[in-house]
Amino acid sequence: MTAAHPIDQAWLSTGNTGAKNYDEFPDETEITRIVEANPASMLGVEMPAHTPEAVAAGLTFEQALPAAAERLAALKEAGRFASFGDVAVAYRISGGEEPVAYGVYCLVDTAEISSSAEEPGKVIRNEDVFLEKVKQRNELNQRLRHLLSPVLLLQSTRGDELHAAIEAAISAAGEPVSTDTDESGRAHEIWAIGGEAGEALTALAGDGDLIVADGNHRSLAAQVGELDRFLAVITTPQSVSIRPYHRLVKGLPGAATQLVEQIGQIGASVIEVDGPPETPSEGGTVVVYGRGRTWEIRFGPLGDDLASRTSGTAEGSVVDRLDHTRVEQEVFDGLLGWDAGDKRITYVGGDYPASWLAGQVDAGRADLAILIAPVTVPDFIDVNLKRLKMPRKSTWFVPKARAGLAIAELPKG
């Protein structure tokens, strides 16, 4: 039985509303600049406290919520969105470095979300979250009664069939409802697929295990808000790849060199190298940069206190061995005494190169940059099949589903 369904009341962009998702910005002042340049950007609705007007007035997220509702209503009134009932929305991303990507916007049963092996469900959520972000997403959903950003789900059971079915549906559908070009020059196109064709497409998309590739906060917000269904884009394994996910650190209690020395004292191999930092090509080595100095770090064997946390074996689980886990547990928690959700840690996705992170440190906006190789797709799948959890912000899937192309109106009441 499928977990996915057509969207009862969809609003599809007629142009110029597309944007990065709200959580793709390590520097949120960039959101303000984007909204100022394009007031129709969905970021103005998703992140109301970062609009130029809200920033000038010093509004909090909660204080800016009424303006978000007004902005969305104004966009619909101005014809920025067109109404469609009972449709699946076929989605194609092309023109980038990656292969052509396919997906389908639809609604997915919230009751199917599973965050552990003991919790049944087809939708596998695999990552710890920041509760404040979940709270804000829920407040936005409840205030607007619209779902704005989709959860990206990976169809792990029937991916090949879904890939071919979406491609065929697009070929038969004619011109797209809307086309949006992102910052990397990729074209994001959507088609409304109604009737039996839409039902068949969502039935296939929701048949089997669906792994959360992006949107752990949004899926949990649907649960917190007791929504029957949440907005998703279900995509295929051949449509995505994983890029690195780095960390910027500020507010160190001492110098960066002091922290690096402490890392060496806990059994890691530390080698200083010449030149600017570069992202490691494969796991096992973490690169640390501290204003003009670059180090390559290889953590030692798992200690007794770190191994067996999830696997019950001396060598630890696949999660225990991930570089992201070692940084989180041994550096942030072990040496600094910080939780991974500490505000002094900024998570920087793979769309930002190593040179950008180094620039942030050189400019004094961060004390340290930690560059980590991307998680491999086999490791990601292995973690999910074992129903374990990934460390926070450890998988940067590309290409990402773009916000502001398709939104779903929630039933009244």
Tell me the closest heavy-atom pair linking Ala101 and Pro399, and the distance in Å. CB-CG, 3.9 Å
Pick one: which of Ser239, Pro150, Cys106 meets side chain to side chain contact (heavy atoms under 4.5 Å, CB included) with Val233? Pro150
Kindly state each residue pair satisfying side chain to side chain donor-acceptor pair (under 3.5 Å) with at least one member in residues 37-55, sequence neighbours excluded. Glu28-His50, Glu46-Arg137, Glu46-Ser149, Thr51-Glu53, Glu53-Arg71
Salt bridge present between Glu139 and Arg143 (N-O < 4.0 angstrom): no
Any chance CD of Gln63 has more than 12 other-residue heavy atoms, nucleotides or ligands included, within less than 6.0 Å? yes
Would you say Arg158 and Gln155 are linked by a side-chain donor-acceptor pair, where the criterion is simply a distance under 3.5 Å? no
So, Thr325 and Gln329: side-chain donor and acceptor under 3.5 Å apart, yes or no? no
Side chains of Lys393 and His246: any donor to acceptor distance under 3.5 Å? no
For Lys133, does the NZ atom sit with more than 12 other heavy atoms under 6.0 Å from it, leaving out its own atoms? yes
According to the salt bridge (Lys or Arg N to Asp or Glu O under 4.0 Å) rule, which pairs have a member within residues 214-240, sequence neighbours left out? Asp23-Arg218, Asp109-Arg229, Asp214-Arg218, Asp214-Lys400
Under a plain distance cut-off of 3.5 Å, with no hydrogens placed, do His188 and Tyr91 share a side-chain donor-acceptor pair? yes
Under 3.5 Å, is there a donor on one side chain and an acceptor on the other for Thr285 and Arg298? yes
Cation-pi between Arg392 and Phe130: NZ/CZ under 6.0 Å from ring centre and within 45° of the ring axis? yes
Could you check whether His324 and Ser394, counting side-chain N and O atoms only, form a donor-acceptor pair closer than 3.5 Å? no
Selection residues 86-95 - residue pairs positive for salt bridge (Lys or Arg N to Asp or Glu O under 4.0 Å), sequence neighbours left out: Arg92-Glu189
Quick one, Pro276 and Thr294 - any side-chain contact, counting heavy atoms below 4.5 Å? no
Got a salt bridge between Arg186 and Glu98, using NZ or NE/NH1/NH2 to carboxylate O under 4.0 Å? yes
Side-chain donor/acceptor of Glu119 to backbone N/O of Ser115, under 3.5 Å: yes
Test of understanding: with salt bridge (Lys or Arg N to Asp or Glu O under 4.0 Å), list the residues that count as partners of Asp180, not counting sequence neighbours. Arg402
Which value, rounded to the nearest 0.5 Å, describes the distance between Leu148 atom CG and Leu72 atom CG? 6.5 Å
Only pairs at least two apart or in different chains count here, so list each ring-ring contact (aromatic ring centres under 6.0 Å, His included) that has a residue in residues 280-300. none
Do Asn141 side-chain atoms and Leu147 backbone N/O form a donor-acceptor pair below 3.5 Å? no
I want to know whether Phe25 and Tyr352 have ring centres closer than 6.0 Å. no
Which atom of Trp396 lies closest to which atom of Gly349, heavy atoms considered: CE3-CA, 3.2 Å
Review item, side-chain donor-acceptor pairs of residues 255-274, under 3.5 Å, at least two apart:
{"residue": "Glu272", "atom": "OE1", "partner": "Arg293", "partner atom": "NH2", "Å": "2.7"}
{"residue": "Glu272", "atom": "OE2", "partner": "Arg293", "partner atom": "NE", "Å": "2.9"}

Thr17 (side chain) donor-acceptor with Ser13 (main chain) under 3.5 angstrom: no
